[in-house]
Number of protein chains: 2
Amino acid sequence: MTDLNEPMTQVPKPAETARRSDGGSREKEALPEAKLVEYAELLFFAYRDFTRDPDAILKDFGFGRAHHRVLHFVNRHSGLRVVDLLDILTITKQSLSRVLKQLIDKGYIVQQAGSADRRERLLYPTDKGRMLAERLAAPQLVRLADALHAAGPGAEVAVRDFLEAMVNAEDRPKVSSIMAASPRPLKRRDKEEGA
Amino acid sequence: MTDLNEPMTQVPKPAETARRSDGGSREKEALPEAKLVEYAELLFFAYRDFTRDPDAILKDFGFGRAHHRVLHFVNRHSGLRVVDLLDILTITKQSLSRVLKQLIDKGYIVQQAGSADRRERLLYPTDKGRMLAERLAAPQLVRLADALHAAGPGAEVAVRDFLEAMVNAEDRPKVSSIMAASPRPLKRRDKEEGA
DNA sequence: TCGTTTATGTCAGCCATGTTGACTTATCTT
DNA sequence: AAGATAAGTCAACATGGCTGACATAAACGA
């Protein structure tokens with residue numbers, strides 16, 4: 001399987017947008033591979049440091065990065081369902097279960113059965129959960145604000161467009177709808193509750 | 001410790017640039033917290049998908065993301081030392097050891113004693129290692145090229161400045177020197193080899 | 001009403017990859 | 001010769017992914 005002994009002549013299928021992978025200066029090609037590699041490395045370093053501050057705080061609470069992710073999305077999009085969270089995090093139910101249970105047991109998140117569909121367990125942060133979420137977010141938001149400021153006036157739009165385009169094309173609508181729905185309940189599919 | 005029962009009045013220490021954390025409309029403050037949160041989420045989603053393609057390929061080789069990181073930096077900065085790698089990845093020697101040994105045993109990386117300092121084990125990719133590294137990088141580079149293109153003409157500079165500023169200030173010189181030194185040996189401290 | 005699907009939860013075990021701590025060997029430096 | 005440095009190793013442990021198998025409750029469709 002995937003023998004790797006041919007010298008990479010054919011372009012390995014890209015994400016989904018399938019353009020050329022550089023190597024033959026075709027089209028308007030502005031960025032040489034070497035430049036692109038630098039962006040890849042910068043993204044690695046940026047993300048590495050983006051997670052540092054909250055990771056340190058989490059340790060004081062006996063939590064890990066997985067807890068942060070769950071608490072963040074429950075806090076920013078309270079009322080979401082377990083299945084929404086699974087979809088956002090792209091992990092298995094069992095993996096989520098472990099950290100979610102700990103957050104519930106320790107009083108950072110509460111569940112509430114859905115009113116339209118009582119099978120659903122809508123997730124909400126407690127006051128304690130909200131406070132921890134904000135505390136974890138604070139250094140990240142400062143870092144982002146500083147970085148956007150450092151990148152100049154045009155950066156807000158450019159960085160946003162860039163990050164959005166980095167997401168798998170088929171997931172972009174989902175990501176947009178997640179971000180559009182702030183605090184309140186997440187985009188319910190379509191039952192009888194308003195819409 | 002870190003009791004969390006006070007309502008977050010004091011600004012939790014930022015990364016290192018220490019500005020205000022929003023909340024009191026001071027200074028030129030352009031970005032409200034809600035906007036910043038969206039950048040945090042977008043960065044999460046972008047990185048999530050950025051690692052997807054190579055992760056899938058790695059599985060075919062019995063490797064994980066940790067192997068990818070090691071192979072990448074050895075390939076792009078061949079001749080680096082183990083300590084350089086530790087510094088880049090910010091993991092322990094023991095964690096690195098495990099994946100590095102596997103990459104060496106399977107013939108993707110070779111070691112060579114340093115000529116100036118024979119204690120050092122300089123790391124180089126084999127042809128096989130180079131091919132795998134390129135194969136793993138390919139979909140990521142396509143994704144980056146597409147995203148930069150989608151973000152418009154000014155995005156290259158803005159995104160680069162943004163990502164650089166996201167890195168811890170004290171690590172920025174190091175990151176720059178890593179990226180400046182492409183293929184050839186990494187910045188040796190200062191022995192008798194030129195400089 | 002009954003059967004199926006859906007949303008959630010759970011048990012059990014495995015794997016990848018991070019951690020700490022202790023210690024060895026080879027080599028360079030002073 | 002002594003001490004510092006680069007690298008490697010052993011052992012134990014924690015986190016957070018994974019698969020597979022199942023259980024329960026509620027909704028839905030025929």
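Quantities reported herein were computed from a predicted structural model and do not represent experimental measurements. We name chains A, B, ... by the order of the sequence lines, and we start the count at 1 in each one.
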On DNA chain D, check which nucleotide each of A/S115 and A/R98 is closest to and give me the residue with the more 5' one.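 Final value for this comparison: A/R98.
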Could you pick out which residue, B/I104 or A/A66, lies toward the 5' side of DNA chain D when each is mapped onto its nearest nucleotide?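 Nearer the 5' end of the strand: B/I104.
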Looking only at the side chain of [X] (C-beta and beyond, no hydrogens), which of the listed nucleotides [options] gets closest?
X      : options                : value
B/D117 : C/dT8, C/dC28, C/dC11  : C/dC28
B/E120 : C/dG9, D/dG8, D/dA6    : D/dA6
A/R81  : D/dA7, C/dA7, C/dG18   : C/dA7
B/R121 : C/dT8, D/dA7, D/dG16   : D/dA7
B/Q94  : D/dG16, C/dA22, C/dT17 : C/dA22
B/R118 : D/dA26, C/dC28, D/dG17 : C/dC28
B/R119 : D/dA4, D/dG16, C/dT19  : D/dA4

So that I know where these two stand, are B/Y108 and B/F63 an aromatic pair - ring centroids less than 6.0 Å apart?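 Between B/F63 and B/Y108, which both carry aromatic rings, the centre distance is below 6.0 Å.
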Expected output: side-chain [X] to main-chain [Y] donor-acceptor under 3.5 Å:
X      : Y      : answer
A/Y124 : A/N75  : no
A/R172 : A/V167 : yes
B/K128 : B/I109 : no

Without decimals, in angstroms, what is the distance between [X] [atom1] and [N] [atom2]?
X      : N      : atom1 : atom2 : result
B/F61  : C/dA16 : CZ    : P     : 16 Å
B/L89  : C/dG18 : CG    : P     : 8 Å
A/L96  : D/dG17 : CG    : C1'   : 12 Å
A/L122 : C/dT8  : CG    : P     : 8 Å
B/D84  : D/dA7  : CG    : P     : 8 Å
B/D87  : D/dA7  : CG    : P     : 12 Å
B/L123 : D/dA6  : CG    : C1'   : 12 Å
B/I88  : C/dG18 : CD1   : P     : 14 Å

Has [X] got a side-chain N or O lying under 4.0 Å from the OP1 or OP2 atom of [N]?
X     : N      : answer
B/S95 : C/dT19 : yes
B/S97 : D/dG8  : no
A/K59 : D/dA14 : no
A/H67 : D/dG16 : yes

Under 4.0 Å, heavy atoms only, any strand: does [X] hit a base, just the sugar-phosphate, or nothing?
X      : answer
A/Q111 : sugar-phosphate
A/K93  : base
A/R65  : sugar-phosphate

So if I apply the side chain to side chain donor-acceptor pair (under 3.5 Å) rule between B/N168 and each of A/R52, A/R143, A/R48, which one comes out positive?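 Testing each of A/R52, A/R143, A/R48 against B/N168, the sole residue satisfying side chain to side chain donor-acceptor pair (under 3.5 Å) is A/R143.
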Check A/F73 against A/L80 and note the closest heavy-atom contact, atom names and distance.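 That closest heavy-atom pairing would be O-CD2, 3.9 Å.
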